Amino acid sequence: MSIPQKSRQYFLPAGRKEGYKNLTITEVEVPKLKANDVLVKVHAASLQYRDLSIANEFYGPGLNGREIVPGSDMSGEVIAVGQDVTDWKAGDRVCANFSPAHLDGDPTPATMAAALGAVAPGVLTEYRSFPSESLVRIPAHFSYQQASTLPCAALTAYNALNGRGNPIKAGDTVLILGTGGVSIWALQFAVTSGATVIATSSSDEKLKIAEKLGAKHLINYRNTPDWEEEVLKITNGVGVDHVVEVGGQGTMYKSIKSVRFGGGVYVIGVLTHGDLPQDIFRLILDRAAEVRGILIGSVSQFKDMLRLIEANPEKTTPVIDKVFAFEDGVAAFAHLESQKHVGKVVIQVSKD
């Protein structure tokens, strides 16, 4: 395959007044490869709540007012490699890690500054180069669309349940909040690990999907607003071993009340708002709860996760809600914003 000279990519202008509605497609030159770089044809990209937050300028003050090439999660095909690259060749199917600089260990300010789709240009582009060490080989049985769900949603869920201290094991009980991308992957990893899953949602239809994926207990939190009490009832007053907490301030107190003594609450999202009760810190202390913030994961963890997926293909199939054409990026962001989806929203950047 010849190396392209031009690439179409999405662009968010500085000073945008309508957030993601200001997304435009522009044409840019494909930069020359550095010695350790790999040029990838992007086939598919999945969207994150982070992408929506950055586009609408409520992710963080450090990104407001910036021009942005959005998107952090991609899968694609290697079409060229730099002169020093020996581990990749044209035709290889790959994903790039959320932060190309996060190779192993804990995140640092430097690795987070390198995260795609923020200060660093993102992946909603036809062609992009990556450092060779930031890439992983995607499972042979995955399509490009399926593989695009791995770098953020899947790896965040895997890191939450396996990252440190209190890794998930057979017989554990896991509380999964919601049915978004991270939550669905966490459900699948929990079931694969032999754990019992309690799933929550405001929609009975979404809960039926969670049940099909292996959730044993279902709670509609609109019908059961004191859902933490229902969790304690299900666990005979003990509480769960793990909580995948995607809600934020509006759900954190209930999540901590739901966890067993010495259990883990893994903070991933801030989808809801509310005032935290003053006694929340006393509650954390009294339950000896491990409350851990999750910042995606490293390349090393990514490879560990892929081994789990490849060993359990029937239980770890990505759930994709809807696929949009590259030209329909605004509609894809709008669908994500509607929160009507179960699993992932994907943009088909190039044809497979």
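Only a predicted model underlies this, so the values are computations on that prediction, with no experimental measurement involved. Just so it is clear, the values below take in all heavy atoms, side chains as well, and ignore hydrogens, waters and symmetry mates. The first residue of the sequence shown is numbered 1, and numbering continues consecutively from there.
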Worksheet entry | Whether Tyr20 and Phe333 hold their rings parallel, tilted or perpendicular, with breakpoints at 30° and 60° | parallel
Between the main-chain N or O of [Y] and the side-chain N or O of [X], is there a donor-acceptor pair closer than 3.5 Å?
X      : Y      : result
Asp84  : Ala35  : no
Arg93  : Pro139 : yes
Thr111 : Pro107 : no
Asn159 : Ile296 : yes
Ser99  : Met112 : no

Practice prompt. Quick one: which residue pairs count as a side chain to side chain donor-acceptor pair (under 3.5 Å) with a foot in residues 229-242, not counting sequence neighbours?
Written response: Asp172-His242, Asp241-Arg260, His242-Tyr266
Worksheet item: Please, which pairs that meet side chain to side chain donor-acceptor pair (under 3.5 Å) have at least one residue in residues 212-225, sequence neighbours excluded?
Response: Asp204-Asn220
Discussion item. Enumerate the ring-ring contact (aromatic ring centres under 6.0 Å, His included) contacts for residues 293-330, please, sequence neighbours excluded, ordered by first and then second residue.
Written reply: Tyr10-Phe326, Phe324-His335
Please check if any side-chain donor atom of [X] sits under 3.5 Å from a side-chain acceptor atom of [Y], or the reverse.
X      : Y      : result
Ser134 : Asn97  : no
Glu133 : Asn36  : yes
Thr317 : Gln146 : no

Practice prompt. For Arg8 and Glu126, run salt bridge (Lys or Arg N to Asp or Glu O under 4.0 Å): C-alpha distance rounded to whole Å, both residues' side-chain angles, the deciding distance at 0.1 Å, then the answer.
Written response: CA-CA 6 Å; Arg8 292 189 307 158; Glu126 292 176 317; 3.1 Å; yes
Response to the item:
Sorted by chain and residue number, the side chain to side chain contact (heavy atoms under 4.5 Å, CB included) partners of Glu211 (sequence neighbours excluded) come out as Leu218
Worksheet, complete the sentence: Val28 meets the side chain to side chain contact (heavy atoms under 4.5 Å, CB included) criterion, sequence neighbours left out, with Ser7, Gln9, Thr26
Worksheet item: Roughly how far, to the nearest 0.5 Å, is the CD1 atom of Ile294 from the CG atom of Leu161?
Response: 8.5 Å
Discussion item. Checking Glu205 now: which residues fulfil side-chain hydrogen bond (donor to acceptor under 3.5 Å, both in side chains) with it, not counting sequence neighbours?
Written reply: Lys208
Discussion item. Around atom NZ of Lys6, are there more than 12 heavy atoms from other residues, nucleotides or ligands closer than 6.0 Å?
Written reply: yes
Discussion item. So for atom CD, which belongs to Glu29, do other residues, nucleotides or ligands contribute more than 12 heavy atoms lying within a distance under 6.0 Å?
Written reply: no
Worksheet item: So, do Val69 and Arg128 sit near enough that their side-chain heavy atoms are less than 4.5 Å apart?
Response: no
